[in-house]
Protein chains: 4
Amino acid sequence: MNTFGHFLRVTTFGESHGPAIGCVVDGCPPGLSIAAEDFAHDLERRATGRSRHTSQRREADEVEILSGVYEGVTTGTPIALLIRNTDARSKDYSAIASQFRPGHADYTYWAKYGVRDPRGGGRSSARETTMRVAAGVIAKKWLAQAFGVEVRGFLSQLGEIRSSRPEMPDWADVESNPFFWPDAAQVPELEAYMDALRKSGDSVGARVDVVATGLPAGWGEPVYGKLDAELASALMSINAVKGVEIGDGFDTVPMAGSRHRDVMRPGADGRPAFDSNHAGGVLGGISTGQALRCSVAFKPTSSLRLPVEGLDVDGNVVDVVTTGRHDPCVGIRATPICEAMVALVLMDQALRHRAQCGDVATKR
Amino acid sequence: MNTFGHFLRVTTFGESHGPAIGCVVDGCPPGLSIAAEDFAHDLERRATGRSRHTSQRREADEVEILSGVYEGVTTGTPIALLIRNTDARSKDYSAIASQFRPGHADYTYWAKYGVRDPRGGGRSSARETTMRVAAGVIAKKWLAQAFGVEVRGFLSQLGEIRSSRPEMPDWADVESNPFFWPDAAQVPELEAYMDALRKSGDSVGARVDVVATGLPAGWGEPVYGKLDAELASALMSINAVKGVEIGDGFDTVPMAGSRHRDVMRPGADGRPAFDSNHAGGVLGGISTGQALRCSVAFKPTSSLRLPVEGLDVDGNVVDVVTTGRHDPCVGIRATPICEAMVALVLMDQALRHRAQCGDVATKR
Amino acid sequence: MNTFGHFLRVTTFGESHGPAIGCVVDGCPPGLSIAAEDFAHDLERRATGRSRHTSQRREADEVEILSGVYEGVTTGTPIALLIRNTDARSKDYSAIASQFRPGHADYTYWAKYGVRDPRGGGRSSARETTMRVAAGVIAKKWLAQAFGVEVRGFLSQLGEIRSSRPEMPDWADVESNPFFWPDAAQVPELEAYMDALRKSGDSVGARVDVVATGLPAGWGEPVYGKLDAELASALMSINAVKGVEIGDGFDTVPMAGSRHRDVMRPGADGRPAFDSNHAGGVLGGISTGQALRCSVAFKPTSSLRLPVEGLDVDGNVVDVVTTGRHDPCVGIRATPICEAMVALVLMDQALRHRAQCGDVATKR
Amino acid sequence: MNTFGHFLRVTTFGESHGPAIGCVVDGCPPGLSIAAEDFAHDLERRATGRSRHTSQRREADEVEILSGVYEGVTTGTPIALLIRNTDARSKDYSAIASQFRPGHADYTYWAKYGVRDPRGGGRSSARETTMRVAAGVIAKKWLAQAFGVEVRGFLSQLGEIRSSRPEMPDWADVESNPFFWPDAAQVPELEAYMDALRKSGDSVGARVDVVATGLPAGWGEPVYGKLDAELASALMSINAVKGVEIGDGFDTVPMAGSRHRDVMRPGADGRPAFDSNHAGGVLGGISTGQALRCSVAFKPTSSLRLPVEGLDVDGNVVDVVTTGRHDPCVGIRATPICEAMVALVLMDQALRHRAQCGDVATKR
């Protein structure tokens, strides 16, 4: 299933080394200004080759808008976006076509489908996330214009190094370093850590935190389309993600209930103010109006220079050698992907809420 | 949205203190034996009142099969299950009808819908999870018969007390204590901990681990219906869940890639054997054929004897006093709910896989 | 698949002679008044036994509201409706359990599922349409309150007898005779025709026309959720329906384009007025703001007193004798069913429109 | 909503005069051979400019396969198809951008979305059906290989001229004339009729019949995804369609039930044989194993040389003059579109059937 969302539906397609990748965004309200330039910033944030700490493959991702936009404005019809894959077709893949790399989806795709496109991981490549970021740009723009909602993320842990995990970082700091790191003072340490890691040929995981501000109370569809359930699905669907938390997440397990429950008080604007935000902005699957907070675990990439034993399709043990330019920590580039998925969930939930409850008036 | 699943679709309905709760299970293959007695075991495991460590409210949950079963066998038509709510209608709810309890969904339901059923939490009550368990019984039975898949869970952390978190517990041990705890020696410690907690009037969270065995390789729908993404959505949709992990989850963040990637070797049965299972049985969103491992964080319940300040619908600060019989740790009864959600995801994925790839033959 | 609709989702369940039939209506906006009495009128219009021209089986259909309504008002949670089947369980079905009646779904259900509930046609019985009518009551009420939309139908042909098929009948006339017939003068002819038919033991088909008034322009989802496409699906899904027309339908085939295109002029209320309504109120799958007109063909029922040869499950030729009380023309009672399906489509489209285009302002 | 289907999902995008049109076909089983050349035949049958009886605009539709196919074989990942629009961008549309042409979707798109792409009808243009035909090619090929199912159509009425409407035409005859007409002797009459029509500047409607052979019994999803209901939706969603019939359709209204019910006898191959096929191959929404027969009404096109009064966006009466090269009967080119939609429904139903009932064994 290559479609995400219910009212805002994003369908992505394309293999890592096929002719192109693309997506179709269906259900976007009409009247939103969208231009090809809008996609550049977030695609650049996701792109490889920005610093020595990510893969040195240079993707020049030019988005072409194929439909759904007329005279710079969305018309309500499906928005198709296309990015041609360049420099990706000449290689010889025969050596790896019959091998299953440990930690990769080679074996599982083959077990499922009986055939697979081995070029660069085919459909299972993180290349697919480019289109998530592109679709997310539309969602971010609509959310900002229609509701003032902002969705931003940062790297909160890189391998063994932990950030301060602020509830609300200084976003200028986050964007000023190649790690999306909230604590400027730690950046030299990160640089050294990554340099050593790169030399070792190994990889580590990362944790990304996403914060969305400006949400009204009331978004989220109980009981099976809960805001947090949809976020969990969206974030877990990103390549290499192994865990998702909302608010305090697993830290709530040893916590006392008397501490966890966020107390409400009368707020300045007539809406409730909260003394704390352990819940991460969601109660009963519905937004509380506080900042939405979620956190994601990325596993270490399995594409290493270090050789490893694997199997081939005939069941023989083979030496798997991964060449090419890979990320020693995929999580570094994952921040805009996480932001995109959160934005897509929020826009979908906003539209769903409007469908059922468009005429609800509450006192606050 | 009150429907879960794509090919196997479960629609639940009902409020905690309304006339009844129920569900419709649509898409179940014909020919499966189902009787009302089949539901008793798992509903009993979920029920309150089994030990002094859960709420003392006694739910006598009798499942009535309304449709979809003829002469004890499913016919392929929708299976409707109904449980009448008993003893739930006499109370006076006027005091709490206008209050928003901190940590509960009272405020968010009201903000979303403008009206809400305040009786026992209405639709946001964990009462709804009864029908998840009932639907899960059907999924468990089909998975066992059609594939030999078994889905079982255990409590791996209770507040501050951690179990050994075995990859594969002794299930007899798990079922022999009221905590679903895998380490028999710790049970007295748990008893004492819960007794003290109950006296204090406070609550704690819990962690539940679920293990599914017997899966073939190949289940899971890339890229937006990934097995792990669907699990994340399913588990996060359970009341009080704040985090979901697949395999090693957040522990993968500081892990080296050279350690994390699970090496395959030729297996005894012609299928690959794996040296480890850090991935939790999923690669690229598709099952590897190993045991599926996931873990869930439950927050501490917010229904405490300890009074707290809250708001009413007019924005006034009020004292919220929660009376009634509540669980000091909701996670204790959550194990069968988690199992049910995993089973529903697996059955859904099995049917989806069969639809698209029913005729795929791979060499192993 | 037993769920109808996208934003307003109706899931029905139940067999003709099982314990109960029911439905779950999910996605209904909160704040709508609904009481059990609301269902009586349309269920009575659909019920058998109102006149000698329909089956003499008397269904006493009492709707129980199980959820989703609190203090008489919808809360936004799923609305479950239940009707117990009475007097339906004592019969001996062993004779027909292994027979395939010609013109019925006996053989196809068996071929699909390998098992079937033979009691009264099981799930394939028109009994299922009772819940469509019940769900339609909710849609009709919401449409009337929120938009002033009225959905009404009439019988426009009964076997060989054709009505005048007025574009807008006198609805009091339609409701004043047991045939939902728009031309009072023809009623005696219909009575005689049906009396003769009943004596003959044979059956005939019927045509039902549905008119919805008060629609705004703009409802309908191009290009695969078009208003007319959804209507076609909804109406064709009713038992015994073999054809659906929108506007002039098949009469447009020989028509000149210069006559068919409905010319717009400035209307009294600032909205366009149309010189004609050949299109039936839909252009490009979107409502024009004119009356919506559609028409449905019902085949003659295959349950006849006249014996016929059939097959049994072992492939033997058997004499099929249908006893019991059947309708010589199922179309007579079908008018409220058609209305219900049109109302459900319109409400679904209204919600979908609001989701995507809730903030669109056009000049007229 | 621009996605069609449930298990086989086709999402189309693109405007008539935008940069490109395309589609994404998701859910196709792996292992099917697909090449760009496969699309040529049906696209040519749909294309304008094949004879003097269709629009003289010449579309050179080259399909590019962007994804989902590796070494000529489907891999189970989404198949994206792209066709660039050529020669479509230079024109000046300012004159018609503010006009609502009678009988077109100009007004309804504007009323719905508040903006619209006026170039060539934008998204509401029949240009969109090109991608339906392309997607249908995949479905036809899979159905033929997996089941021996063939889906073919013919023109059964052109304006006032009726064909013999054979239950099973000689398909070589149908393909040998530019009208897809089953009766060779009538072709000169059709030529003359169309020549006169073209001179008059007016248009007429058409009726297309589609026949699918080779279906097993058992396809179709009761009760809201019935085979006939899905066909009705699929066919009604085609531009200009105003009516859909299954089997004898509206002719069943005056028919006696004793004649309509198709009697089964033991067949040569162990499966039942039927004495007739009034039902059109569907009972209870499930295929009987007979030929599937359906019929579709196309209205006359509203794009005429004959001027007509219309409105502009400001409510003024304007003279609408349609220039350009239009079809005097859109139904002539519609046969492959109807075939494609039927094929897509059948493939979707085949996959759905396999999901739920993949292991059903019946005696015949």
Side-chain angles (χ1 to χ4, degrees), chain B residues 1-3 5-7 9-32 64-85 93 97 109-110 112-119 122-125 128 131, chain C residues 1-3 5-7 9-32 64-85 93 97 109-110 112-119 122-125 128 131:
Chain B
M1 198 185 60
N2 294 275
T3 298
H6 300 261
F7 288 20
R9 290 169 301 279
V10 178
T11 302
T12 69
F13 60 84
E15 275 76 38
S16 177
H17 292 204
I21 56 173
C23 70
V24 185
V25 179
D26 196 10
C28 181
L32 183 70
E64 184 185 10
I65 302 173
L66 293 178
S67 65
V69 177
Y70 177 64
E71 296 185 342
V73 169
T74 60
T75 60
T77 63
I79 304 164
L81 305 175
L82 193 76
I83 297 177
R84 291 279 166 182
N85 290 325
Y93 289 94
Y109 267 70
W110 181 81
K112 182 175 193 70
Y113 297 117
V115 296
R116 70 188 175 94
D117 179 344
R119 301 168 301 169
R123 182 79 181 140
S124 72
S125 164
E128 188 270 339
M131 297 321 301
Chain C
M1 198 184 63
N2 294 276
T3 297
H6 300 261
F7 289 19
R9 290 168 301 279
V10 178
T11 302
T12 69
F13 60 84
E15 277 74 37
S16 177
H17 292 202
I21 55 174
C23 70
V24 185
V25 179
D26 196 11
C28 181
L32 183 70
E64 184 185 9
I65 302 173
L66 293 178
S67 66
V69 176
Y70 178 64
E71 297 186 341
V73 169
T74 61
T75 61
T77 63
I79 304 164
L81 305 176
L82 193 76
I83 297 178
R84 292 277 167 183
N85 290 325
Y93 287 94
Y109 267 69
W110 181 82
K112 182 174 193 71
Y113 296 117
V115 295
R116 71 189 175 93
D117 180 343
R119 301 168 301 171
R123 181 77 179 141
S124 71
S125 164
E128 188 269 341
M131 297 320 301

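Each chain gets a letter, A, B and so on, in the order the sequences are listed, and its residues count up from 1.
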Report task. Kindly write out the residues that satisfy side-chain hydrogen bond (donor to acceptor under 3.5 Å, both in side chains) with T74(C), not counting sequence neighbours, or none if the list is empty. Result -> none
Report summary line: What one should report as the nearest heavy-atom pair of R119(B) and Y70(C) is NE-CE1, 3.4 Å
**Report entry** Student check: side-chain heavy atoms of D117(B) and T77(C) closer than 4.5 Å
**Finding:** no
Report task. Please flag which part of L82(C) lies under 4.5 Å from any non-hydrogen atom of chain B: side chain, backbone, both or neither. Result -> side chain
**Report entry** Listed partners of N2(C) passing side-chain hydrogen bond (donor to acceptor under 3.5 Å, both in side chains), at least two apart
**Finding:** D26(B), R123(C)
Report task. Search all heavy atoms of E15(C) against all heavy atoms of G68(B) and return the closest pair with its distance. Result -> OE1-N, 3.0 Å
Query raised in the report: Between F13(C) and A80(B), which heavy-atom pair has the shortest distance, and what is it?
Result: CD1-CB, 3.2 Å
Query raised in the report: Does the pair V24(C) and V24(B) meet the rule for a side-chain contact (heavy atoms from CB on, under 4.5 Å), with working shown?
Result: CA-CA 8 Å; V24(C) 185; V24(B) 185; 4.1 Å; yes
**Report entry** Closest contact, heavy atoms only, P19(B) versus I65(C)
**Finding:** CG-O, 3.8 Å
**Report entry** chain C contact via I79(B) - side chain, backbone, both or neither, heavy atoms under 4.5 Å
**Finding:** neither
Query raised in the report: Can you name the closest pair of heavy atoms from R84(B) and E64(C) and give their distance?
Result: NH1-OE2, 2.8 Å
